> 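Take this structure first; my questions come after.
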There are 2 protein chains.
Amino acid sequence: MSVRAVHHTSLVEKAVAELRRLIGDGEWPVGTKLPGEVELSRLLGVGRSTSREAVRALIADGQLRAQHGSGTYVVSATPVSEFDRTLRRGRVADVYEVRVALEVEAGRLAALRRTPDDIAALRAALAARDAASTGPELAEADVELHRLVVRAAHNPVLDEVFTTFLGALRATAASVIADDRRSPDQDDRTANAHRALVQAIVDGDPDAAVAATRQNLDPTLAILR
Amino acid sequence: MSVRAVHHTSLVEKAVAELRRLIGDGEWPVGTKLPGEVELSRLLGVGRSTSREAVRALIADGQLRAQHGSGTYVVSATPVSEFDRTLRRGRVADVYEVRVALEVEAGRLAALRRTPDDIAALRAALAARDAASTGPELAEADVELHRLVVRAAHNPVLDEVFTTFLGALRATAASVIADDRRSPDQDDRTANAHRALVQAIVDGDPDAAVAATRQNLDPTLAILR
DNA sequence: GTCCTCAGGTCCTCTGAGGAGTTGTACTCT
DNA sequence: AGAGTACAACTCCTCAGAGGACCTGAGGAC
């Protein structure tokens, strides 16, 4: 006989889950003003105090913000953890430096563990990056390539941590990096470094991957410092 | 003229702050059963629903846990972020691998940035580690040494992330690592690797620091995998 | 155009009541 | 004496009503 522990879910928790779903699924995008207390509790099918407690939980998570006299608003589609706040408070250069630490190791591991699928994806991303003309498009293709490198390391934890860092950097450092108008010369060097990185991973050469990753990231780090 | 925006603090927020203080300051250590709703609201000087909402916020933070019919208990002295949960859910080997990524770079940076104070602290920690006889004492001295290496990198973000990882690893991997009875031979090698690491940092040799850090951590990673 | 007044909507707070779950104790039965 | 049961006291959960504090926008006064 297999006994499964009975899991008690209070109404508050259910209400929290429903609110999370509404926000996470995009039915209530960031900026949405929630219905009033009475209406909201009617929608959720619970009493007013219960829905208030659910809202309070999401406020603690950083997903909602209540403004006295005005309303309650969605401020984030995902829970903003203490960790995110730390990263956002930290100096950009420091955050970036940790990102480098993660990505260097990711590149090394990717060279050791890449699968044929990884290789195909990396080559495609590299081609997309080369094809991307300028500005946001290039930045997007760039991020995608880096993300794939990390994915090729086949470490879910590393993947998630890296994603968190990317998000934090995108929020705080986007302008810094975008404002830095790069010379064509520098662009060439960076493009070459990316090619070298992919090649090193394809070749299964961890040391070369480490070197290429550094070559990719160090210039930006130098600008930030 | 500098104008500071008036900051409105609701009673709930004040109650949350007070609860956080009580827990964070250790007046209510982990395991403590909180007073009942009526008593708690009296203590906080607010109404029952208000204190309930404050408690709900701390439940969302992972610091409290309410058990229907039994009571409300302190389960964590610090807010448990989504990030912590990720680390605890992740496979130990994956988490450890990210730790390696952080520490390798930390070693490299430490070699570049160490101050005389760092050097003195590292030497003292190394001596303490050599003096530590066995078991928990050695583990403690070991962790302290690693922590100092990271500190010598002078990157607050890196420091905090590393601490988070250490905490998660201590929670989930302690038994795994402790259970691994090491041979005296292995002990010697590890001790030597630690000496080499400190020496590399003192010498300001980043490449040697990277190599020594790897030599320190790779064996454990191999055991975990 | 600027400022004031005000009404309507909102969240905030308190309170009383009843429901549901847990736990320890006293009691009963074997 | 030991096992099992019944129960009382305690807990958190949920609901609902009422009044307060606050914000916003409309409309009028200057």
Side-chain angles (χ1 to χ4, degrees), chain A residues 3-23 28-76, chain B residues 3-20 22-23 28-76 80:
Chain A
V3 177
R4 193 180 345 179
V6 198
H7 198 54
H8 265 282
T9 332
S10 68
L11 277 187
V12 176
E13 285 176 65
K14 286 181 192 163
V16 166
E18 177 63 9
L19 289 177
R20 259 200 241 285
R21 190 191 68 76
L22 285 165
I23 297 171
W28 287 350
V30 172
T32 305
K33 176 178 175 175
L34 266 62
E37 288 186 348
V38 181
E39 172 71 4
L40 180 61
S41 52
R42 202 186 55 72
L43 274 177
L44 295 173
V46 298
R48 229 179 60 254
S49 345
T50 304
S51 80
R52 268 192 64 81
E53 286 189 30
V55 167
R56 181 62 60 185
L58 266 75
I59 290 175
D61 275 351
Q63 295 200 76
L64 293 179
R65 169 187 223 81
Q67 277 194 344
H68 194 170
S70 167
T72 305
Y73 304 86
V74 179
V75 294
S76 167
Chain B
V3 177
R4 195 177 344 178
V6 205
H7 197 54
H8 263 284
T9 330
S10 68
L11 277 187
V12 176
E13 285 176 66
K14 285 181 192 162
V16 166
E18 177 62 9
L19 288 178
R20 260 201 241 284
L22 286 165
I23 297 171
W28 287 350
V30 171
T32 305
K33 175 178 177 176
L34 267 62
E37 287 186 348
V38 180
E39 172 70 6
L40 181 61
S41 52
R42 203 186 54 73
L43 275 177
L44 295 173
V46 299
R48 233 178 53 253
S49 21
T50 304
S51 79
R52 268 192 64 81
E53 286 188 31
V55 167
R56 182 62 61 184
L58 266 75
I59 290 175
D61 275 351
Q63 295 201 76
L64 293 179
R65 169 187 222 83
Q67 278 194 342
H68 192 170
S70 169
T72 305
Y73 304 85
V74 179
V75 295
S76 167
V80 178

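Computed from a prediction, not measured in an experiment: that's the story for all the values here. Just so it is clear: chains get the letters A, B, ... in the order the sequence lines come, proteins before strands, and each one is counted from 1.
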> Minimum heavy-atom separation for B/V75 and B/G62, please, with both atom names.
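Smallest heavy-atom distance, with atoms named: CG2-O, 3.3 Å.
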> Check whether more than 12 heavy atoms from other residues, nucleotides or ligands sit under 6.0 Å from atom CZ of A/R21, and answer yes or no.
yes
> Using the side-chain heavy atoms of B/V46, tell me which of these nucleotides is nearest: C/dC14, D/dC12, C/dC12.
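Given the options C/dC14, D/dC12, C/dC12, the side chain of B/V46 is closest to C/dC14.
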> Nearest to the side chain of A/K33, which nucleotide is it out of D/dC15, C/dT10, D/dC13?
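Nearest listed nucleotide: C/dT10.
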> Over how many whole Å does the gap from A/E37 atom CD to C/dG8 atom C1' extend?
16 Å
> OP1 or OP2 of D/dC12 less than 4.0 angstrom from a side-chain nitrogen or oxygen of B/R52, does that happen here?
no
> Between atom CZ in B/R42 and atom P in C/dC14, what is the gap in whole Å?
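For the pair B/R42 CZ and C/dC14 P, the rounded distance is 14 Å.
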> Using the side-chain hydrogen bond (donor to acceptor under 3.5 Å, both in side chains) criterion, which residues pair with A/S70? Sequence neighbours excluded.
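Residues passing side-chain hydrogen bond (donor to acceptor under 3.5 Å, both in side chains) with A/S70: A/Y73.
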> Of the options C/dT13, C/dC11, D/dT14, whose atoms approach the side-chain atoms of A/T72 most closely?
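Of the options given, the side chain of A/T72 lies nearest C/dC11.
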> Remember a base hit wins even if backbone is also touched, and classify B/T50 as base, sugar-phosphate or nothing at under 4.0 Å, heavy atoms.
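Counting heavy atoms under 4.0 Å across all strands, the contact made by B/T50 is with sugar-phosphate only.
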> Which ones in residues 58-69 of chain A lie close to DNA chain D, meaning a heavy atom under 4.0 Å from one of its atoms?
A/H68, A/G69
> How far does OG1 of B/T50 sit from CZ of A/R52, to the nearest 0.5 angstrom?
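It comes to 8.0 Å.
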> Which whole-number value in Å describes the distance from A/L34 CG to C/dC11 P?
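Computing the A/L34:CG to C/dC11:P distance gives 8 Å.
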> Take the protein atom OH of A/Y73 and the nucleotide atom C1' of C/dT10, then report the distance between them rounded to whole Å.
8 Å
> Go through it in stages, so that I can follow the logic: the residues are B/V74 and B/L22, the test is side chain to side chain contact (heavy atoms under 4.5 Å, CB included), and I'd like the CA-CA distance, side-chain angles, deciding distance and then a yes or no.
CA-CA 10 Å; B/V74 179; B/L22 286 165; over 6 Å; no
> The side chain of A/R48 lies closest to which of these nucleotides: D/dG17, D/dC12, C/dC14?
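Between D/dG17, D/dC12, C/dC14, the one nearest the side chain of A/R48 would be D/dG17.
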> How close or far is atom C1' of D/dC12 from atom CD of B/E53, stated in whole angstroms?
15 Å
> Looking for any heavy atom pair under 4.0 Å, which part of the strands does A/S41 touch: base, sugar-phosphate only, or nothing?
nothing
> For the side chain of B/L11, starting at C-beta, report the closest nucleotide among D/dT14, C/dC14, C/dC11.
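That would be C/dC14.
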> How many whole angstroms separate atom CD of B/E39 from atom C1' of D/dA9?
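After rounding, the gap between these two atoms is 16 Å.
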> Is A/R56 paired with A/E53 through a side-chain N to carboxylate O contact shorter than 4.0 Å?
no
> Give one of base, sugar-phosphate or nothing for A/S49, where a contact means two heavy atoms less than 4.0 Å apart.
base
> From CZ of B/R56 over to C1' of D/dT14, roughly how many Å is that when rounded to an integer?
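My rounded result for the distance is 11 Å.
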> If you only use heavy atoms from C-beta on, which nucleotide in C/dT13, D/dC13, C/dT23 is closest to the side chain of B/S70?
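Within the option list, the nearest is C/dT23.
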> Just how far is it from atom CD of A/E18 to atom CD1 of A/I23, taken to the nearest 0.5 Å?
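Rounded to the nearest 0.5 Å, the CD-CD1 separation comes out at 10.5 Å.
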